[in-house]
Structure formats: C-alpha cells, structure tokens
Amino acid sequence: MTEVVLFHHSQGLTPGVAAFADELRAAGHTVHTPDLFDGRTFGSLEEGMRYVEQIGFGEITERGVRAVEDLPKDAVYAGFSLGVLPAQKLAQTRAGARGALLFHACIPVLEFGAAWPDRVPVQVHAKEADSLFAEDIDAARALVSDCADAEMFLYPGDQHLFADNSLPSHDPDAARLLTQRAIEFLGSR
C-alpha cells in the first residue's frame, strides 16, 4: 500500500519502535526503520540526548536524509520525537513525499523551508501535558493553521513517548488510538 520511513527517538531503535513498525506492516504498508544510532539504544531520554548532543542534531537529521537515498521518493515520513527532525525535513524537502506523521514533536516549518509543501498531508500526535511537547506546540499549531491538510491530535496525559510499548511511558489506550489514526492516514495515501 504505502511506503513509510519511520525514524526512532533519542533512546534508539527500541523494541517498541520496531513493534509500532510491525503494526503498520500488518496493515499492509512497507515500513523502513533506519537506525540513526548504529545499533545503540539508551535506557533513558537523558542518556540518549547526551549521545545526540555529542553527535549534533544536524548530523542526526542528515543521517536520516542519507538513510533514504536508495528508497522510493513517494513515501510517508514518520518520526518519534527526535526522529521528527529527519521525517519533517524529508516531508518538506524531498520531491514526491506523500505525507508526514509527527509523533511527540513538531519543528517550526521555517527550519526546513519557507512553507509546508502543498499536497503533503501531515498529522501531529502528542500528549496535551507533555512538558517536552510544550516547546513544540506553537510550531504544531502554526503548521495546522497554515496547512490545508494538517491535523493535530492531543491525548490526555503527560507521557512523552507514549506510543513506544517498550518504555515505562507507554499508554496503551492513547497508543492504540494513535496507531489507528496513523493507519487510517496511511490508507488514504
């Protein structure tokens, strides 16, 4: 059905990110999960972010861009938190992008271009009281306001990586709804 590139969060390509990709595959989609950390995973967001700070956010984004060079261009780009950086950049800049799924984060559109591209639908998913998403909510609101085919879904609670079932922050009910919405989004591409 739809080609999807799913980028992991700052704790790495965890079993929970892999499980989410498997749910999308079970719905009939082809899902690629590039490992931006070369196999490394971290026990906490703080540990992962220390590693990211050593590498640099720009390098993480460019690793994501390089990871898709040989993949079809007509893909939906998705990211969990840190993974939103390469996902959003590719959705905004790679010709042929079919959409974006931004989980737990949103970057100001101007970071990657003058405007969100026409005919590239986008969804943003986060917890309404997530203190990390609080830094991104204005960017998400602006994106939804300025883009004709954009939606933001806010879920009750404050967990950051609630869709990763391998982490303590996992919220099964919210994750189930997020997954359902993502599968519906992909089915319409």
Side-chain angles (χ1 to χ4, degrees), residues 4-13 17 20 32-37 42 45-46 48-69 71 73 75-155 158-164 169 178 181-182 185-186 189:
V4 181
V5 181
L6 175 64
F7 294 102
H8 62 76
H9 50 72
S10 65
Q11 288 184 248
L13 187 52
V17 173
F20 182 80
H32 306 275
T33 54
D35 188 343
L36 305 177
F37 291 174
F42 300 92
L45 281 172
E46 295 77 20
M49 287 309 296
R50 281 194 294 275
Y51 178 70
V52 170
E53 288 168 2
Q54 291 172 4
I55 295 171
F57 289 98
E59 174 59 21
I60 293 296
T61 304
E62 290 313 307
R63 285 180 182 189
V65 170
R66 289 191 300 269
V68 303
E69 287 175 349
L71 296 178
K73 293 183 178 185
V76 171
Y77 300 99
F80 276 47
S81 192
L82 175 72
V84 165
L85 285 166
Q88 191 170 328
K89 178 174 182 170
L90 288 160
Q92 284 188 239
T93 64
R94 194 172 195 221
R98 293 177 66 189
L101 290 165
L102 311 178
F103 305 122
H104 321 294
C106 184
I107 309 302
V109 170
L110 294 177
E111 184 72 25
F112 302 118
W116 190 265
D118 291 337
R119 295 180 299 282
V120 178
V122 58
Q123 286 186 348
V124 180
H125 298 260
K127 288 286 187 122
E128 61 190 3
D130 173 0
S131 62
L132 295 174
F133 186 71
E135 301 170 13
D136 298 351
I137 195 156
D138 289 340
R141 286 182 177 137
L143 173 58
V144 170
S145 171
D146 296 344
C147 180
D149 199 2
E151 298 176 283
M152 180 168 52
F153 298 101
L154 295 176
Y155 303 82
D158 63 359
Q159 301 94 332
H160 184 57
L161 297 172
F162 68 91
D164 183 326
S169 58
L178 176 148
R181 288 171 169 161
F185 178 89
L186 293 172
R189 300 302 125 216

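Computed over heavy atoms, backbone and side chain alike; hydrogens, waters and symmetry mates excluded.
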Find out whether [X] and [Y] are in side-chain contact, i.e. whether some heavy atom of one side chain is under 4.5 Å from a heavy atom of the other.
| X | Y | result |
| --- | --- | --- |
| Val124 | Asp136 | no |
| Leu36 | Ile55 | no |
| Val52 | Leu82 | yes |
| Ser10 | Met49 | yes |
| Phe7 | Val68 | yes |
| Gln88 | Tyr77 | no |
| Ser81 | Leu132 | no |
| His8 | Phe37 | yes |

Charged N-O contact under 4.0 Å between Arg63 and Glu59:
yes
Ion pair present between Lys89 and Glu62, side-chain N to carboxylate O less than 4.0 angstrom?
yes
Is a side-chain N or O of [X] found less than 3.5 angstrom from the main chain of [Y], in a donor-acceptor match?
| X | Y | value |
| --- | --- | --- |
| Gln123 | Leu101 | no |
| Asp158 | Ala129 | no |
| Thr61 | Leu85 | no |

Can you see which heavy atom on [X] is nearest to which on [Y], and at what distance?
| X | Y | value |
| --- | --- | --- |
| His160 | His104 | O-ND1, 2.7 Å |
| Ser169 | Leu161 | OG-O, 3.2 Å |
| Met152 | Ala140 | SD-CB, 3.5 Å |
| Ala100 | Ala91 | CB-CB, 3.7 Å |
| Thr33 | Leu13 | O-CD2, 3.7 Å |
| Gly79 | Ala87 | N-CB, 3.8 Å |

Give the intermediate values and the outcome of side-chain contact (heavy atoms from CB on, under 4.5 Å) for residues Arg181 and Leu178.
CA-CA 5 Å; Arg181 288 171 169 161; Leu178 176 148; 5.9 Å; no
Taking the six-membered ring for Trp, are His9 and Phe80 parallel (under 30°), tilted (30 to 60°) or perpendicular (over 60°)?
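Plane angle between 30° and 60°, so tilted.
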With ring-ring contact (aromatic ring centres under 6.0 Å, His included) as the test, pick out the partner of His125 among Phe185, Phe153, Phe162.
Phe153
Taking atom NE2 of His32 and atom CG of Leu6, what is their separation to the nearest 0.5 Å?
11.0 Å
Output for pair (Arg50 CZ, Leu45 CG), nearest 0.5 Å, gives 11.0 Å
Asp146 vs Val109, side-chain contact (heavy atoms from CB on, under 4.5 Å): CA-CA, chis, key distance, verdict:
CA-CA 10 Å; Asp146 296 344; Val109 170; over 6 Å; no
What do the steps show when you test Thr93 against Val65 for side-chain contact (heavy atoms from CB on, under 4.5 Å), and what is the final call?
CA-CA 10 Å; Thr93 64; Val65 170; over 6 Å; no
